[in-house]
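Here the structure is laid out as structure tokens; the discussion comes afterwards.
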Amino acid sequence: MRQIATTAELQSAVAEAKAKGLEIGLVPTMGALHEGHLSLIERALRENDMVVVSLFVNPIQFNNKEDLEKYPRTIDADLKLIADKISAMDDLRATELLAFTPSVDEMYPDGEPTEVYHFGPVEEVMEGPRRPGHFSGVAVVVRRLFDLAQPKRAYFGEKDYQQIAVIRALLKQIQYPIELVPCPIVRADDGLALSSRNMRLSPAARAMAPAINATLEQAAEMAEYEDVDDVKEWVLDTLSSYHEVNPQPDGLKFEPEYFEIVDAITLQPIENWDDTDNGAVGCIAVWLDGVRLIDIVKF
Ligand code: AMP
């Protein structure tokens, strides 16, 4: 593993690899790595000759200043996790991993980028209207990373389900021949989707949080015999009233922001289970203990 902090060094390492005909896999992250990120890195190491993992807290995708300031920055621990993962793997294809850890100035030398991306319907639902500018900020950094790393494959987690649809739309717009590789959510043993935000939960909130996934799993079973609207309403009601059924300390409660059942590719809400040929996905955002958690379930 080699840590690289400048775009010039990354470009020259990539040029060298390309000259040798190596296939590059890219894993964009904001650091604070956990097993979810490591699953993407592991897959990239198995499927490519060289892997670029970026660790960059991208300021322009945060529409909430406090969230940006509170975002954990743990580069040394992250690099150790990656190194440990590499040494624990026996059948990896990649011969080199570059950990790209640029500063904000290095990534945006001309100051805050002015380009704005629009993706139409896939960004007009769920996270889009609630986090204005978020997906455009994601697209700016991901495109820059595509330009720098010139990957053959790029790995993204289904935890950020809508982000995958946005990257698919970005690739269509810019017509880069990059294979988008969606990777399944990695969960804690109790079902909570791993997230760097989980470390901001109090112990009581952390103990309550697995109810999100448990509720979604029950919803998937209900989908066998209930209508889309009934399943939606049940999920929102179950989480909103959770603290009444299970009294919590400190007034802890779930505050769902949305739960939508959508087409797995277009992300447009469906009204009936057979409204889609792509499969249906339930996407949720819930506030708990001042932390915004997201998760999905496939129907
Ligand atoms: P982030 O650092 O949060 O921007 O995440 C970097 C990448 O890791 C994104 O593609 C995420 O979707 C993915 N990711 C984050 N958490 C998980 C998880 N629990 N399981 C799988 N992928 C994840």
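When a ligand or atom number is given, it counts from 1 through the structure's own listing order. Everything numeric in this text was worked out from a predicted model, so none of it was measured.
For V186, a nitrogen or oxygen atom sits less than 3.5 Å from a nitrogen or oxygen atom of ligand 1, counting backbone and side chain alike. For ligand 1, none of its N or O atoms has an N or O atom of E158 under 3.5 Å away. The N/O atoms of A193, backbone and side chain alike, include none that comes under 3.5 Å of an N/O atom in ligand 1. No N or O atom of F156 sits closer than 3.5 Å to an N or O atom of ligand 1.
Counting atoms of ligand 1 from 1 in the listed order, those under 4.0 Å from a heavy atom of H37 are 1 (P), 2 (O), 3 (O), 5 (O), 6 (C), 7 (C), 8 (O). Set against the non-hydrogen atoms of P28, the atoms of ligand 1 under 4.0 Å away are 6 (C), 7 (C). Of all atoms in ligand 1, listed by their number and element, those nearer than 4.0 Å to a heavy atom of G157 are 9 (C), 10 (O), 11 (C), 12 (O), 13 (C), 22 (N). Annotation for ligand 1: atoms under 4.0 Å from non-hydrogen atoms of L40 are 7 (C), 8 (O), 10 (O), 13 (C), 22 (N). Residue-ligand proximity, I185 to ligand 1, at heavy-atom distances under 4.0 Å covers atoms 20 (N), 21 (C). Of all atoms in ligand 1, listed by their number and element, those nearer than 4.0 Å to a heavy atom of P184 are 20 (N), 21 (C).
Under the 3.5 Å distance criterion, with hydrogens and angles disregarded, no donor-acceptor pair is assigned to the side chains of T215 and Q218. For the residue pair D237/S241, the side-chain donor-acceptor check at 3.5 Å is not satisfied.
Partner of V142 under the side chain to side chain contact (heavy atoms under 4.5 Å, CB included) criterion, chosen from L171, L26, I178, L170: L170. Of the residues listed (L267, I265, I270), the one engaging N278 in a side chain to side chain contact (heavy atoms under 4.5 Å, CB included) is I265, and it is the only one. For the side-chain hydrogen bond (donor to acceptor under 3.5 Å, both in side chains) test with Y155, the passing option among E47, H37, E179 is E47; the others fail. Between I24 and the choices K18, R153, E96, the side chain to side chain contact (heavy atoms under 4.5 Å, CB included) rule is met once, by K18.
Between W273 and F299, the ring centre distance stays below 6.0 Å.
For atom 2 (O) of ligand 1, the closest non-hydrogen atom on the protein side is M30 N, 2.9 Å. In terms of protein heavy-atom proximity, atom 11 (C) of ligand 1 is closest to D160 OD2, 3.1 Å. Remark: minimum distance from atom 16 (N) of ligand 1 to any protein heavy atom is reached at H34 CE1, 3.3 Å.
For Y71, the closest heavy-atom approach to ligand 1 falls below 4.0 Å.
One distance of note links OG1 of T29 with NE2 of H34; it measures 9.0 Å at 0.5 Å rounding.
F146 and Y176 have tilted rings, their planes meeting at an angle from 30° to 60° on a 0 to 90° scale.
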